[in-house]
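Contents: one structure, followed by commentary.
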Amino acid sequence: MKDDGQHKQRIALITGGASGIGFAIAKEFVRNNIFTIIISRDPAKLQKAKDELGASCEVISFDLTKFERVPELIERVQSQFGSIDILVNNAGINMKKDFCEVSNEDFQTILQTNVTSVFVISREVVKGMIEKGRGSIINISSMAAQYGIPKVIAYTASKAAIDGMTKAMAVELSPKGIRVNAIAPGFIATDMSAKALNSDSERKHKVLSRTPLGYLGDPSDIAAAALFLGSDSSKYITGVILPVDGGNSIGF
Ligand code: NDP
């Protein structure tokens, strides 16, 4: 979908959009006539997403931690499909380990995927957004940045960094027409949360007991918020970290 000024279809890039929350966002965007490009590492997952989402979706197999190749990737995406209106930094990995068991490599791996890659891809996409004088960036944060959760030290550090980056990007980029916000999902039913909760019934009980709505969220709950933050309905909103969490962040 080449953005040649002849059409008004917006173009979104979603990292990690072939599964879980990212896929729900992609589905919602396509349903709302947004041409959606998905990046993830797994070609089979990408093909499945493409088969389900159809002609308004393109998929690219790419490892976002190959930082030096990101500028070329974004150039290629923009010359093929047009400049990006909405960037959703959703790709992320988690690791549940006791504090003293986390190696330097473990810590670095999480930070490189969850933080450095968000910075690198945002920098490259922002260059095109500045030229157009508009854009919306949505970072996916976590409850781990709102309060302390044991056994996820690197993940917590990464999501706290995302919140800080969201605010710093918002103040620097909003004057250039680029809004930057984050969504802080509560506990959402995906493979990632299943890994963390299904083998740990005590943790699952704790999660549900401090979630006033009393159930896990659905990926589509996050998708609805992303659609709002990506659209002009939120044109006066920038720099917020929006909890979509059934009240978990304010639960007793
Ligand atoms: P998933 O594991 O389903 O999605 C994460 C996606 O990121 C995968 O599709 C994966 O695709 C992609 N990804 C990971 N590393 C890379 C990489 N190096 N390059 C490209 N793509 C990559 O998990 P969720 O949908 O649950 O999580 C999505 C986001 O939401 C994450 O940022 C997570 O931290 C956040 N979140 C989730 C919560 C939940 O309860 N589920 C709660 C709070 C936050 P592939 O393996 O194919 O590369």
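Both ligands and their constituent atoms are indexed starting at 1 by order of listing.
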- Message: With a 6.0 Å cut-off (strictly less than), is the heavy-atom count around NZ of K167, excluding the residue itself, greater than 12?
- Response: no
- Query: CD1 of I86 to CG of L229: how many Å apart, nearest 0.5 Å?
  - Reply: 10.0 Å
- Query: Should we count CZ of R203 as having more than 12 external heavy atoms under 6.0 Å?
  - Reply: yes
- Heavy-atom count around D51 CG within 6.0 Å, excluding the residue itself: above 12? yes
- Name the residues with a heavy atom less than 4.0 Å from ligand 1? G16, S19, G20, I21, S40, R41, D42, K45, F62, D63, L64, T65, N90, A91, G92, I93, T113, I140, S141, S142, Y155, K159, P185, G186, F187, I188, T190, M192, S193
- Should the heavy atoms of other residues, nucleotides or ligands under 6.0 Å from CD of E68 be counted, would the total exceed 12? yes
- Mind checking whether K45 and F23 have side chains closer than 4.5 Å, heavy atoms only? no
